[in-house]
Asker: 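Right, I'll just put the structure down here and ask away after.
Computed from a predicted model, the values in this text were never measured in an experiment.
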Amino acid sequence: MSRNLNILQAISEAMDQKMEQDGRVVLLGEDIGTNGGVFRATDGLLEKFGEDRVFDTPLAESGIVGSAIGLALGGMIPVAEIQFLAFMYPALEQVLSHAARMRFRTRGEYSLPMVIRTPYGAGIRGPELHGESVEAFFVHTPGLKVVVPSTPYDAKGLLVSAIEDPDPVIFLEPTRTYRAFREEVPEALYRVPIGKAKVVQEGRDVSIFAWGSMLQLAISTARQLQVERGYSCEIVDLRSLAPLDRDTIVASVQKTGRALIVQEAHKTAGMASELISLLNDEALVYLKAPIKRVSGFDVPVPFFSVEDDFMPTQARVKQGIVDTMLF
Amino acid sequence: MLMEHGLRDDRLAQGLGFTQFLTPDGGLAKQLDGRMDDSLLLDMYRNMVIARQFDRKAVNLQRQGRLGTYAPFEGQEAAQIGSALAIAKDDWMFPTYRDHAATITRGQSMTTVLLYWAGRLEGGAGTKSLRILPPSVPIATHLLHAVGMAWATKLRKENVVTVGYFGDGASSEGDFHEALNFAGVYHLPIIFICQNNGYAISVPFSKQSASKTISQRASAYDIEGERVDGNDVLAVFDAVSRARERARAGGGPTLIEAVTFRYGAHTTADDPKRYRDQELATDWRAHRDPITRLKRFLEERQLWTEDFEADVMADATARIEQALDEFARYDAPNPLDMFEHVYAEMPWHLKEQAAELERAMEKDGMQP
């Protein structure tokens, strides 16, 4: 049995089903209870599970993440919501100094099974600091897993895996795609494994790597270039940024000999830089052209009157593919 | 200096709600609670002496280069040990890097503490069964973990309390306020224990905060607050015991400010002569020392004898020597251990990096 759900509904269903199955799972965050979350990801869960499972916390991000760490130490499985990714900044000390290190610090005596969910990325005409893509902060930090679903099916399956994971998972939800499209999502509880990329579309000429809201851009651009120039693009959705699925990434480039990375994040020292480095190590001799990246610029994510110009556009992605094809 | 430190004048202290059982000369300021029987008094003394001997030894080991930087606590034994003895085995303890008197009293091995300051990975382990978290180095952040733990025990209907230790500097951090706020909102079984030793490294409390006391912050969060003489082990024990009973009865959190003083440096890498009048330390040691004070009281009650003192010192020496012996017998550290316990399962990139280090550890590290 499956239904057509959008990403938000899929995320909500994952939490609902895991809470039903496991009494240790609790939700905490600002506005997640009565209001059901500013994007409604937790809508109805307070009503269903009560005030001992769903907590409308004080407005304090460090408090949310820090107490989630304590809840996990105490045998619960907290799923914390941070309202927007940049609101995580006050909690970064908790994330980087503690969530990521508790297992290491205690030689494995304590495990922190916890998830921090947060909408991320631009394209929603939000105010300042509502559209950041700083996934690299977390990928750079040993001890964290970083997961980014791009479709409703993956969103549900990956969130279930994240809640069941013994390590802290930063679960980044591409805000722009929350309600952008629907997909068949099984009603039953299922898992999509963390650490596995997905070849969304097979191709021969060039590999395009994307995640989050950039996946849809990659798909639509590839479709156009197929029509306009006959290019056969392979599209890989990374889904998990840490750990990275090296095998799928490398195999794709070994097949196509060309690669383009599309990231919404700032260009310098982002995930794309890491992928280029990885392909340099693992697939250099297969390359027919330098690896290209299309990314956000190295400027603060701007106010929304020029937001679209900051983000990778179809024109820029197209140019990137053509450049690598014609090198 | 009197006002700046806020501690030297008893009348000032009294005016700020300073609870005291033992006066500095060992007399009784208040009648003993029924819970504090002779064996407990002797136990307090024994633990304080042992902790002090350990602390001095650790400073020496640092001077000899056998430990890295160390954070001494001499002078603060009463605050740590009075509180540690007031909680039960199944309560949770969240210490800082300076709370070894508390953790050792609770049963943590001295060897673990030595390993920690020797920079050994093992120094953060071996505490789960004791319900003691490893030392927290960032300031005030662990108070939120204590809050989460107290929250979890409440949700799981376990009738235990959680204690979180911190210093006066931590009371300026945002996480301190978030922790008190969460604890108040969720009415958690938690005790926040501040050892106010007057200085956050070089910054005196008068520059740390415009509040006269730390305990008064409790009222802002509508939780219980109490200021005690932190060099009076009985006062600390009593305040923590009451807070614990209240928490277990559903009475919520308590913030306890134990007013104390550390004689030595912030750490062995620090020189307090740059910012602190050294007479202060001399004065505190001469007139308010927590061990001397209890000793006078025990003498008064004819509980302290030369034989008892000799027994306590022999006990301290034996325990420290045993820890040193265990410490010395530890195998050389294995650098490959750094790759363990980063994740529940080692991911591919760590396996490869471990192999890279392993190759580098062999001879010149080169492969053909």
Side-chain angles (χ1 to χ4, degrees), chain A residues 23-24 26 28 52-53 55-76 78 90-91 93-94 96-114 142-145 165-168 194-195 242-247 278 281, chain B residues 92 94 121-129 133-158 160 162 164 173-175 177-186 188 190 337-350 352:
Chain A
R24 295 173 300 170
V26 294
L28 68 161
D52 279 348
R53 303 286 301 280
F55 298 96
D56 262 330
T57 64
L59 198 165
E61 288 79 10
S62 192
I64 293 168
V65 175
S67 59
I69 290 169
L71 282 162
L73 289 170
M76 309 303 286
E93 185 175 15
Q94 289 292 349
L96 309 183
S97 301
H98 293 294
R101 301 175 67 104
M102 193 62 77
R103 178 185 297 285
F104 183 80
R105 180 181 292 147
T106 63
R107 300 282 80 199
E109 282 190 5
Y110 294 92
S111 185
L112 289 184
M114 59 183 281
L144 300 175
K145 291 182 177 169
D165 200 282
D167 291 310
I194 292 173
L244 205 53
D245 181 357
R246 170 176 58 178
D247 294 349
L278 174 73
D281 285 345
Chain B
W92 285 90
F94 286 72
L121 298 173
E122 299 89 337
T127 54
K128 190 173 186 182
S129 59
L133 272 290
S136 182
V137 168
I139 303 300
T141 50
H142 65 301
L143 298 178
L144 281 164
H145 309 163
V147 160
M149 176 61 80
W151 197 353
T153 60
K154 185 177 178 180
L155 291 172
R156 296 163 73 96
K157 300 188 174 24
E158 296 167 16
V160 300
T162 301
E173 290 274 9
D175 279 5
H177 297 277
E178 295 190 20
L180 262 60
N181 191 38
F182 272 59
V185 167
Y186 297 111
L188 301 176
I190 186 167
D337 287 350
M338 75 171 81
F339 296 97
E340 303 288 340
H341 307 302
V342 180
Y343 296 94
E345 264 181 69
M346 197 184 291
W348 62 267
H349 64 287
L350 290 189
E352 291 184 6

Asker: Does Val185(B) reach the side chain of Phe55(A), with side-chain heavy atoms less than 4.5 Å apart?
Answerer: no

Asker: Tell me which of these, Thr127(B), Asn181(B), Thr153(B), has more heavy-atom pairs under 4.5 Å with chain A than the rest.
Answerer: Thr127(B)

Asker: At a heavy-atom separation under 4.5 Å, does Arg246(A) approach chain B through its side chain, its backbone, both, or neither?
Answerer: both

Asker: In terms of heavy-atom proximity below 4.5 Å to chain B, should Leu278(A) be classed as side chain, backbone, both, or neither?
Answerer: side chain

Asker: So which part of Ser111(A) gets closer than 4.5 Å to some heavy atom of chain B, the side chain, the backbone, both or neither?
Answerer: neither

Asker: Can you tell me which portion of Thr162(B) sits under 4.5 Å from chain A's heavy atoms? Options are side chain, backbone, both or neither.
Answerer: neither

Asker: Please classify the contact between Asp52(A) and chain B as side chain, backbone, both or neither, with a heavy-atom cut-off of under 4.5 Å.
Answerer: both

Asker: Which heavy-atom pair separates Val342(B) from Phe104(A) by the least distance, and what is that distance?
Answerer: CG2-CD1, 3.9 Å

Asker: Going by atom type alone, with no hydrogens or angles, which donor-acceptor pairs under 3.5 Å involve a side-chain atom of residues 137-150 of chain B and a protein atom two or more places apart or on another chain?
Answerer:
unit_1: Thr141(B); atom_1: OG1; unit_2: His98(A); atom_2: NE2; d: 2.7
unit_1: His142(B); atom_1: NE2; unit_2: Tyr165(B); atom_2: O; d: 2.6
unit_1: His145(B); atom_1: NE2; unit_2: Gln94(A); atom_2: OE1; d: 2.7

Asker: Looking only at heavy atoms and a cut-off of under 4.5 Å, which of Ala152(B), Ala344(B), Gly124(B) has the most pairs with chain A?
Answerer: Ala344(B)

Asker: Quick check on Asp56(A) against chain B: is it the side chain, the backbone, both or neither that has a heavy atom closer than 4.5 Å?
Answerer: backbone

Asker: For a 4.5 angstrom cut-off between non-hydrogen side-chain atoms, does Arg156(B) reach Met76(A)?
Answerer: yes

Asker: Quick check: closest heavy atoms across Pro243(A) and Pro347(B), and the distance to 0.1 Å?
Answerer: CB-CB, 4.3 Å

Asker: Please identify, among Pro90(A), Ser67(A), Gly108(A), Ala100(A), the residue contributing the most non-hydrogen atom pairs under 4.5 Å to chain B.
Answerer: Ser67(A)

Asker: If I compare all heavy atoms of Ile64(A) with all of Phe182(B), which pair ends up nearest, and what's the gap?
Answerer: N-CZ, 3.7 Å

Asker: Could you tell me whether Arg24(A) atom CZ has more than 12 heavy atoms of other residues or ligands within 6.0 Å of it?
Answerer: no

Asker: For a 4.5 angstrom cut-off between non-hydrogen side-chain atoms, does Pro58(A) reach Tyr186(B)?
Answerer: yes

Asker: To the nearest 0.5 Å, what is the distance between OG1 (Thr106(A)) and CG (Leu121(B))?
Answerer: 11.5 Å

Asker: Is a donor on one side and an acceptor on the other found under 3.5 Å between the side chain of Trp348(B) and the backbone of Leu244(A)?
Answerer: yes

Asker: Non-hydrogen atoms of chain B under 4.5 Å away: do they reach the side chain of Leu144(A), the backbone, both or neither?
Answerer: backbone

Asker: I need the residue from Lys154(B), Glu122(B), Met338(B) with the largest number of non-hydrogen atom pairs under 4.5 Å to chain A.
Answerer: Met338(B)

Asker: Answer with side chain, backbone, both or neither: which region of Ala60(A) has an atom nearer than 4.5 Å to a non-hydrogen atom of chain B?
Answerer: both

Asker: I'd like to know if the side chain of Glu340(B) reaches the main chain of Arg107(A), judged simply by a donor and an acceptor atom lying under 3.5 Å from each other, with no hydrogens or angles considered.
Answerer: no

Asker: Heavy-atom pairs under 4.5 Å with chain B: which of Gly63(A), Pro166(A), Gly23(A), Gly75(A) has the most?
Answerer: Gly63(A)

